Amino acid sequence: MNRRMLLNTILLGLFLFLFGFKLFPRPWHQIAGVLVLLPVLIHAINNRRWFSALKRGRWNRKRRLWTTANLALLAGVLFTVFTGFLCSDYMTTSYGSTLPYNAHLISRLHKLFAKILLLLIAIHVFLHRKAFYSWIRHGLQR
């Protein structure tokens, strides 16, 4: 199994773990929510050529769709992690009622962003399905 396939598997596993929020203790969810940033960052660095290629080439319908989906996924991850941090136990126990925002409202936003993120991950996996099939086929043959 190559490093990219391993990273993608770890990312998918972490996100599935995070979406199984009610199956695990809350602190595990919060720790995994922060830890997911590292593989996301590594994934973005591994695909840095994609970011630099945004300025070049033709923008046909397929490229616009893929770019919109990928940028929405990146924004979804960032919004979900940020709102998760704001409504985490650390913030509410450390600062309590002195928080300059409504933690309940932020928690509801976090849940909404998580649902949108699940949809965006499914779209991302669907758009990259040929690569996933290839990785699975070659990974199982070794």
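Owing to the predicted nature of the structure, the values given are computational and were not obtained by experimental measurement.
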Closest heavy-atom pair and its distance - [X], [Y]:
X: T80; Y: A114; value: OG1-N, 3.9 Å
X: G33; Y: L18; value: N-CD2, 3.5 Å
X: A72; Y: L120; value: O-CD1, 3.4 Å

Geometric class of the H128/W66 ring pair [parallel <30°, tilted 30-60°, perpendicular >60°]: tilted

Could you check whether the rings of H29 and H110 sit parallel, tilted or perpendicular, using 30° and 60° as the cut-offs? perpendicular

How far does [atom1] of [X] sit from [atom2] of [Y], to the nearest 0.5 angstrom?
X: L73; Y: L119; atom1: CG; atom2: CG; answer: 10.5 Å
X: N70; Y: F51; atom1: CG; atom2: CZ; answer: 8.0 Å
X: L127; Y: L65; atom1: CG; atom2: CG; answer: 5.5 Å

Count the heavy atoms of every other residue, nucleotide or ligand shown that sit under 6.0 Å from [atom1] of [X], and state whether that count exceeds 12.
X: R49; atom1: CZ; answer: no
X: R63; atom1: CZ; answer: yes
X: W50; atom1: CH2; answer: yes
X: F82; atom1: CZ; answer: no
X: F17; atom1: CZ; answer: yes

Within 45° cone and under 6.0 Å: R129 NZ/CZ vs F126 ring: yes

Cluster overlap [X] with [Y], hydrophobic side-chain contacts below 4.5 Å:
X: I106; Y: V34; answer: no
X: L74; Y: L117; answer: no
X: F79; Y: L105; answer: no
X: L11; Y: F24; answer: no
X: L38; Y: L7; answer: yes

Going by side chain to side chain contact (heavy atoms under 4.5 Å, CB included), F15 matches just one of V40, L118, I10. Which one? V40

Go through W59 and L54 one step at a time and tell me if the side chain to side chain contact (heavy atoms under 4.5 Å, CB included) criterion holds. CA-CA 9 Å; W59 284 86; L54 289 176; 3.8 Å; yes

Check: R64 main-chain N/O paired with T68 side-chain donor or acceptor under 3.5 Å: yes

